[in-house]
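Here's the structure, in structure tokens; my notes come after.
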Amino acid sequence: MAVTQRRGRRIMMTPGELDEFLAERRTCRVATVSADGRPHVSALWFAWDGTSLWLYSITRSRRWAQLRHDPRLAVVIDDGEEYGELRGVELSGTAVFVGEAPRTGEPCPELDVPERLFARKNFGMDEMPHDGRHAWLRLTPDSIASWDFRKLSGL
């Protein structure tokens, strides 16, 4: 996946900054599309493995149903209060459903890394607790746009 950000190159995050930002942030906003074309945005916790964003979604949610119908999505993770502090990332692409749904903990080697990352980041645990209500979505982005307004002071 190539970053093709044309505007704002001077304030875009480097790959290292992007990885660090996504590793430290906890909550993202996920935009999906309903069958009639209306957008739907909801908040989720996530894990970033350096290549893909992993979303742990309730399988009975509106978001899950919409992604089953149309797997396109966009995700925004941002931070900052004052203008000069604003930074964030928008990732877009196609959701891929991974593992059983709902997730009960059946062996799935593809989920070993994201579940470990997610459990440590969000629960302070080494193993992922499974509640039988959530399942995994993977977004390997087709496009990424980022911004870090803290860089404006150096321009």
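A distance-only check finds a donor-acceptor pair linking the side chain of Ser146 to the backbone of Met13 [under 3.5 Å]. Between the Glu20 side chain and the Gly16 main chain, no donor and acceptor come within less than 3.5 Å of each other. Of the possible polar contacts, one joining the Glu100 side chain to the Glu106 backbone as a donor-acceptor pair under 3.5 Å is found. When atom types are taken as modelled, the side chain of Lys121 and the backbone of Trp45 share no donor-acceptor pair closer than 3.5 angstrom. Of the possible polar contacts, none joining the Arg63 side chain to the Val30 backbone as a donor-acceptor pair under 3.5 Å is found.
Evaluation of the side-chain hydrogen bond (donor to acceptor under 3.5 Å, both in side chains) rule for Arg133 yields no partner, not counting sequence neighbours. Every residue meeting the side-chain hydrogen bond (donor to acceptor under 3.5 Å, both in side chains) condition with Asp78, not counting sequence neighbours, appears here in chain and number order: Arg29. By the side chain to side chain contact (heavy atoms under 4.5 Å, CB included) test, Arg72 is found to be paired with Asp70, residues two or more places apart in sequence or in another chain being considered.
Sorted by first and then second residue, the pairs that involve residues 68-87 and meet ring pair (Phe, Tyr, Trp, His ring centres under 6.0 Å), not counting sequence neighbours, are Tyr83-Phe149. The ring pair (Phe, Tyr, Trp, His ring centres under 6.0 Å) contacts involving residues 90-111 comprise Trp64-Phe97, where partners must be two or more places apart or lie in separate chains.
Hydrophobic cluster membership for Leu117: Val113 (Ile, Leu, Val, Met, Phe, Trp, Tyr linked by side-chain heavy atoms under 4.5 Å, directly or transitively).
Ring pair Trp136/Tyr56 is tilted by interplanar angle, where 30° to 60° counts as tilted.
Note that CZ of Arg68 is 14.0 Å distant from OG1 of Thr32, once rounded to the nearest 0.5 Å.
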